[in-house]
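Residue numbers start from 1 in every chain, and the chains themselves are labelled A, B, ... in the order their sequence lines are given, proteins ahead of strands.
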Amino acid sequence: MKIWEKRQGEIVILSVEGRLDATTGAAFEQQVAPMIEAGNKNILLDMAHLEYISSAALRRLLLLAKQAEDAGGRIALLEIQSSILEIFEMAGFTYLFPIYMDQEEALRSFVK
Amino acid sequence: MSVRKPSNLIYGVDDRPGPMMLILMGFQHISLMAIAFIFPIIIVEAIGGTSGQAARLISVAMLASGIGTILQGLKRGPVGSGYLCPLLNGPAFLTASLMAGKAGGFSLIFGMTAVAGCFEAVFSRLISRMRSVFPAEVTGTIVTMVGIEVIPIAIRKFLGVDKTHLVPDPTAIAVAVLTLGAMASFNVWGKGKLRLYSALLGMIVGYAAAAATGILNQESFRIIMETPMFSMPEIVHDGFSFQWVLLAPFLVAALSSALKTMGDVTTCQRINDADWKRPDMVNISGGVLACGIGNILSGMLGALGQSVSSSNIGLSIATGATSRRIAYSAGAILILMAFFPKVASIFVIMPTPIMGASMIFAVSFMILAGLQIILSRMIDSRKTFVIGISIIMGLSVEFVPELYHHVHPWLQPVFNSSLSLATISAIILNLFFRIGIARQATVSLKPGEDSSERIGSFMEQQGRAWGARGEVIYKAAAAMSEFYEAAVENDLTRDSVTMTAKFDEFNLDVEMAYAGLPIEFPASRPDAADILKNRNAALRLAGYMVKSLADRASVETREGRSCIHLHFNH
């Protein structure tokens, strides 16, 4: 798994590439949780290049979303591939995260 | 079995367009089929026949093609594929018919054509047992080559090259470009009926341009005027004869025709079913039987051998109209045209550049249909060789035809046709490269040492070797990874987990065996609050995901060992 970070104002855009499973999910949480603690509470996760996500990684994502929400922010998802979206739907996670296909629209949603 | 109509079709195979639409779309298909009227003329000229004999052959060809097209469209019973898949006197029998014509005249052509039709009919009964010989990469290669084979004829006609114009003619090219441009414009930017009739409208534009530029001249109009309005087709002919020496070339021609039909019917299946997964061999068998009966009929009536017209399938994709009722309409109009030669003459005088533009328009869709069939499955190096080498062998017939001039005359039909050579090559290479592909594979993972990523690589590799559908392999790998991670995280086992995947064309079954506790497959998933608070909820979510990803999931436990069975429909 690889993560690229860029900023758009107060929003952190994280592009995730590869697999998010039990092992890489833990590493992902270890990288993102301190960012939220440091005040970066609005995060846009670009999943265009994510190949696989397991339920163990989904749980990590849920923990991070809770942490961001408690800090007054949120985590939104961008460009989920159909195979990944199917896993989100199976797990019932599409109701827990706002999902966008357009980056501009996703960024505007943080301003509202 | 009902199928889901793809969104790009205006009239799907079971739809019922209105009567006027059926007539117009029938004529649209006939305008493309009319290009094949050139083949009877080639035969007659080669064996020194008269123009009267050529006219008779064309008239009987219309009758035989019309009946064959209707037979092919039949949905019930053993005969017919139920698709709009018109038959015509195509190039498949050209070489064999030329040999027969020179050796024994028309009676020998008709006799041998009827025998070839009998062979094709018998061959059709064996097809349903030959699934493994025709996997997606082989049928996709055949369909692609069906389109590619038409290119040399299409491009010559597009550039205005024929027996009286030996070099490209700028005026003809202008008419061809205008015709193709009109067809493509109506197809791309036209809505509804404009797209439905894009080929016919393009041809009308082409005829107008040909008349304005003098390509369609007084002589063309004279032919139409002098042709009688009504005339009975002459089905009484010189009789039948048979020569053993010609059996091989006619059987090879029949085989080529049958293989082409297989590719064409496969394309029809794919373009009419949004959820298409694999060729339906029983349906293909009916299609080849219709073609075989069409050839017996051609021989009896005194016409040349028939095969499916790939260009017309391309046309039906382009226009978004694949209703089998268009096949009945086109067939009926063809039969009527055999009695009304004046109507037929409008198509017979079709200027060469319009023919070329029409063929290029239709063939573009046919080639893409073949590539889509190939890419519907995962490809490994074995399949790359089957596809790549076969296409190279096929194209060699077009690029360096002189290399095959010295092949034994019996084998000429194979080496004269890029489609035939590519098809034979794909079938042989597919059978050869099946050596060493195990239908079952096992991987063993040790908790704490191996990550679930290894499962992804293992299934990817096996999926390519099996030529499986990518989405099924993805789901299986996801379910296996999900289970393995849950087993490790929740200490269901500390021992190795042995995963065995078994594959055939319809099923993918996975067994995961280990010493330890079984996983639960709950009926409902835990909610978010539960997942956050309760560690056991994460295990239940994993069990729910494994069960949901598979089409069937079960678990058995015996003497401290557990075994998970997952089934995936393929």
Side-chain angles (χ1 to χ4, degrees), chain A residues 1-3 16-30 32-33 36 47-71 74-77 80-99, chain B residues 445 447-457 459-460 469-492 519 521-522 524-551 553:
Chain A
M1 178 207 53
K2 290 176 186 166
I3 304 173
V16 192
E17 187 182 314
R19 289 169 60 91
L20 267 181
D21 53 26
T23 314
T24 53
F28 177 75
E29 188 186 7
Q30 280 170 15
V32 179
I36 300 172
M47 295 187 152
H49 301 288
L50 184 66
E51 293 163 10
Y52 167 72
I53 188 163
S54 70
S55 67
L58 284 176
R59 185 170 179 273
R60 305 272 181 187
L61 203 55
L62 194 59
L63 288 167
L64 290 170
K66 177 82 171 51
Q67 187 187 351
E69 201 178 302
D70 290 346
R74 67 187 180 113
I75 293 179
L77 310 179
I80 301 188
Q81 299 296 309
S82 58
S83 53
I84 305 287
L85 186 62
E86 201 175 339
I87 290 175
F88 268 78
E89 282 168 351
M90 259 177 218
F93 274 47
T94 43
Y95 303 104
L96 307 175
F97 293 90
I99 299 171
Chain B
L445 290 97
E449 290 178 18
D450 294 309
S451 76
S452 64
E453 194 168 357
R454 208 175 141 208
I455 297 170
S457 309
M459 288 304 288
E460 175 98 351
R469 291 166 55 218
E471 61 270 31
V472 178
I473 291 294
Y474 182 89
K475 274 192 178 182
M480 293 158 77
S481 300
E482 194 66 57
F483 162 75
Y484 179 70
E485 286 189 1
V488 174
E489 291 269 307
N490 296 279
D491 285 333
L492 296 182
I519 191 169
F521 293 136
S524 59
R525 62 188 172 223
D527 62 23
D530 203 11
I531 294 168
L532 284 173
K533 287 180 200 157
N534 188 350
R535 188 176 166 79
N536 186 254
L539 177 60
R540 278 189 281 122
L541 177 62
Y544 178 81
M545 297 293 283
V546 173
K547 187 191 80 169
S548 303
L549 284 161
D551 291 300

**Q** Okay, side chain of Tyr484(B), backbone of Leu445(B): is any donor-acceptor separation there less than 3.5 Å?
**A** no
**Q** Under 4.5 Å between any side-chain heavy atoms of Leu50(A) and Gln81(A), yes or no?
**A** no
**Q** Side chain from CB out, backbone as N, CA, C, O: work out which of these in Leu63(A) comes under 4.5 Å of a heavy atom of chain B, or both, or neither.
**A** both
**Q** Which bit of Glu489(B) comes within less than 4.5 Å of chain A, counting heavy atoms only: side chain, backbone, both or neither?
**A** side chain
**Q** Among Thr24(A), Leu58(A), Ile87(A), who wins on heavy-atom pairs under 4.5 Å with chain B?
**A** Ile87(A)
**Q** Is chain B contacted by the side chain of Glu86(A), its backbone, both, or neither, given a heavy-atom distance below 4.5 Å?
**A** side chain
**Q** Determine the option with the most heavy-atom pairs under 4.5 angstrom with chain A, choosing from Leu541(B), Leu549(B), Leu532(B).
**A** Leu532(B)
**Q** If you count heavy-atom pairs under 4.5 Å between each of Ala528(B), Pro526(B), Ser451(B) and chain A, which one has the most?
**A** Ala528(B)
**Q** Let me know if Leu539(B) has heavy atoms under 4.5 Å from chain A in its side chain, its backbone, both or neither.
**A** neither
**Q** Is there a side-chain contact between Asp70(A) and Gln67(A) in this structure, where contact means two heavy atoms from C-beta onward sitting under 4.5 Å apart?
**A** no
**Q** Does the Asn490(B) side chain pair with the main chain of Leu492(B), one donor and one acceptor, at a distance under 3.5 Å?
**A** no
**Q** Give the member of Ala537(B), Ala542(B), Ser481(B), Ala486(B) that has the highest number of heavy-atom pairs under 4.5 Å with chain A.
**A** Ser481(B)
**Q** Taking the side chain from Lys547(B) and the backbone from Pro522(B), do they hold a donor-acceptor pair closer than 3.5 Å?
**A** yes
**Q** Could you tell me which portion of Glu453(B) (side chain, backbone, both or neither) has an atom closer than 4.5 angstrom to a non-hydrogen atom of chain A?
**A** both
**Q** When you measure from the side chain of Glu482(B) to the backbone N and O of Met545(B), does any donor-acceptor pair fall under 3.5 Å?
**A** no
**Q** Taking atom types as modelled, find out whether Arg19(A) and Ser452(B) have a side-chain donor-acceptor pair closer than 3.5 angstrom.
**A** yes
